[in-house]
Amino acid sequence: MINQLNYFFKNSYRHRKFKIILLFSSLLIFLYSRITVLNAELSTEEWLFLSPGINLISQNFFLYDWGILAPDGNPFHKPPLTSIVYGFFSYFFNDQIYSAKFFSFLINFIGLILLYKITKNILIILFYIFSYFFLASSIIIQTDILVFFGFIILSIAQLYYKKKSINYILLLFIGFLILWMTKIESALIILFCYSLYYVLIKEIKNFFYLYLINIICIFLTLILIFLLTNYTNNSFMDNLFSIFYPIERILGHQTESLVFNFKGYLYSLVLIFIKLYQYGFILETVTIFGIVFYILTRQKYLFNKDIIFFLILFILPFTIYFFVGYAGMQFPRYFIFSFYSLIILFSLITNKISKFKNIRIINLLILFLIIFNFKNSYFLLKNKGNLYPGEIGKKEIGVYLEEKGIKGDLVTYEYFSGYIKNKRYLWTIIKGYEVNKKKVIDNLHNIEGIIIKKNDYVNYDVAQILNIFQNNYNLKKIEFKNYDLWIKKI
């Protein structure tokens, strides 16, 4: 059976018509799967990145929309490029959320094109298409999609242009500019990887233009922050220091756990492992890296500058992000570009080992990974891209409120902000904050309704506010899939 399958994949490629049909079919599968999941509703943090860009274009202020209790949300918890790009793309179609997510789809598609350019191997292309991890990454509105884009540009520079050529330096500049304007920690990690790479290949002389490029990128990032400060309610220095807060928060918290609460640190690693396993990342990474390690230890002649480059860009970022103990909320997005580096590494190696004696087993292992992803990919397609079906229903409630002409204030959740235009008191900044809870209770006469997640009734603050609301007003309960809308009867 193994010989038959290998014979099929090996010899089918020799027929030009079959290759075209297979490639065209793969493209259709990619387009269908990615366009289907673009209907996913907003999840945690996505509106925080999208709304500043929308507000900048439509209202000339660069703030995130976080309700009545936090009207001046400072978006500089990360460099601003993510919000600007997604805000720009949000105006392509009528549905702003769908339109913004279209950018993530485009970056995923560019990743597919580069892989095909490198390998011409349909099995690897199908693996990328059906990978639950890459499918999920094609719909999120996050900084890590821009980081992925920057890494793709750096990969093109590495693979197709000679060092110090104008094209190489230009692509290096564009790639790092995107990184610095998107996510400082990713820019630092990749800069460190480049530095190590130049040391290993004994090209330390390249340090000059590498660091010169990064200094220029940092300077341009500061200029962008300075210009956008005119559209915020904060000073330039406040915005600048805000960017470094997430790095300090994550590293500080994990360092504290490592020193004073080692069990807590280990627990965070276990949670990351579980999250990565749920998205198929662990099985895929162990399998593919295992193949790479096996081949390189037996075919040492394969080592060249490109192999070393992508090996570093996989191992170092993966190790840093994993042992820092933080993968990102919900989808483990921090690992996107390092995983893609591993796929490129695998593609470069398999291109050179067509006569390797175990190539049949390697093809079967990739085929197994493709089949393994069918169930999870189908789950995501079935739920229209919603990674967490328990949070579906935001758009439905938004449509209901608009159809019924309900314009009054609401108590709701942060990720509803992209679907409702009402003034909002957000549970995120009510729960656990007595001052904000009192403001809500004092303004119940202005509040038209309360949206509660079905499993959130057990929260003390939620239960208390709802109880006071029920005692003072005649309410109607409207049930949706995962949420209840308590609204004043007219």
Measuring from [X]:[atom1] to [Y]:[atom2], what's the distance to the nearest 0.5 Å?
X: Lys382; Y: Phe379; atom1: NZ; atom2: CZ; result: 9.0 Å
X: Ile465; Y: Lys438; atom1: CD1; atom2: NZ; result: 12.5 Å
X: Gln142; Y: Phe49; atom1: CD; atom2: CZ; result: 4.5 Å
X: Tyr64; Y: Leu48; atom1: OH; atom2: CG; result: 6.0 Å

Counting only heavy atoms not in [X], do more than 12 fall under 6.0 Å of its [atom1]?
X: Asn94; atom1: CG; value: no
X: Tyr277; atom1: OH; value: no
X: Phe480; atom1: CZ; value: yes
X: Phe273; atom1: CZ; value: no

Handout entry: Side-chain H-bond candidate by donor/acceptor type, Asn239 with Thr229, under 3.5 Å
Key =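 Side chains of Asn239 and Thr229: pair found under 3.5 Å.
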Problem - Side-chain touch Phe469/Lys488, heavy atoms, less than 4.5 angstrom - result: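 Yes, side chains in contact.
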Problem - The single option from Ile124, Asn121, Thr287 passing side chain to side chain contact (heavy atoms under 4.5 Å, CB included) against Phe346 - result: Ile124
Completion exercise
The residue among Ile282, Thr285, Leu283 that forms side chain to side chain contact (heavy atoms under 4.5 Å, CB included) with Leu276 is Ile282
Exercise for the section: Answer yes or no for Lys395 and Tyr419: cation-pi contact, defined as NZ/CZ to six-membered ring centre under 6.0 Å and angle to ring axis within 45°. Expected result: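 So Lys395 doesn't make the cation-pi contact.
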Practice task
Is it possible for you to check whether Lys394 lies under 6.0 Å from the centre of the six-membered ring of Tyr483, through NZ or CZ, and within 45° of that ring's axis?
Solution key: no
Handout entry: Ionic contact status for Glu479 with Lys454, cut-off 4.0 Å
Key =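 Yes, this pair counts.
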Practice task
Look at Lys431 together with Asp461 and state whether they make a salt bridge at an N to O cut-off of under 4.0 Å.
Solution key: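 Judged by the 4.0 Å cut-off on N to carboxylate O distance, Lys431 and Asp461 do not form a salt bridge.
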Problem - ring-ring contact (aromatic ring centres under 6.0 Å, His included) between Phe318 and Phe314, worked out - result: CA-CA 6 Å; Phe318 172 81; Phe314 163 66; 5.7 Å; yes
Kindly give the heavy-atom pair with the smallest separation between [X] and [Y], and that separation in Å.
X: Ile122; Y: Ser26; value: CG2-OG, 4.0 Å
X: Gly53; Y: Phe62; value: N-CE1, 4.2 Å
X: Lys78; Y: Lys183; value: CE-CE, 3.9 Å

Exercise for the section: List the steps, then state whether ring-ring contact (aromatic ring centres under 6.0 Å, His included) holds for Phe372 with Phe130. Expected result: CA-CA 9 Å; Phe372 174 80; Phe130 283 103; over 10 Å; no
Exercise for the section: Output, in order, the C-alpha distance, side-chain angles, deciding distance and verdict of side-chain contact (heavy atoms from CB on, under 4.5 Å) for Val462 and Trp427. Expected result: CA-CA 8 Å; Val462 172; Trp427 286 118; 3.7 Å; yes
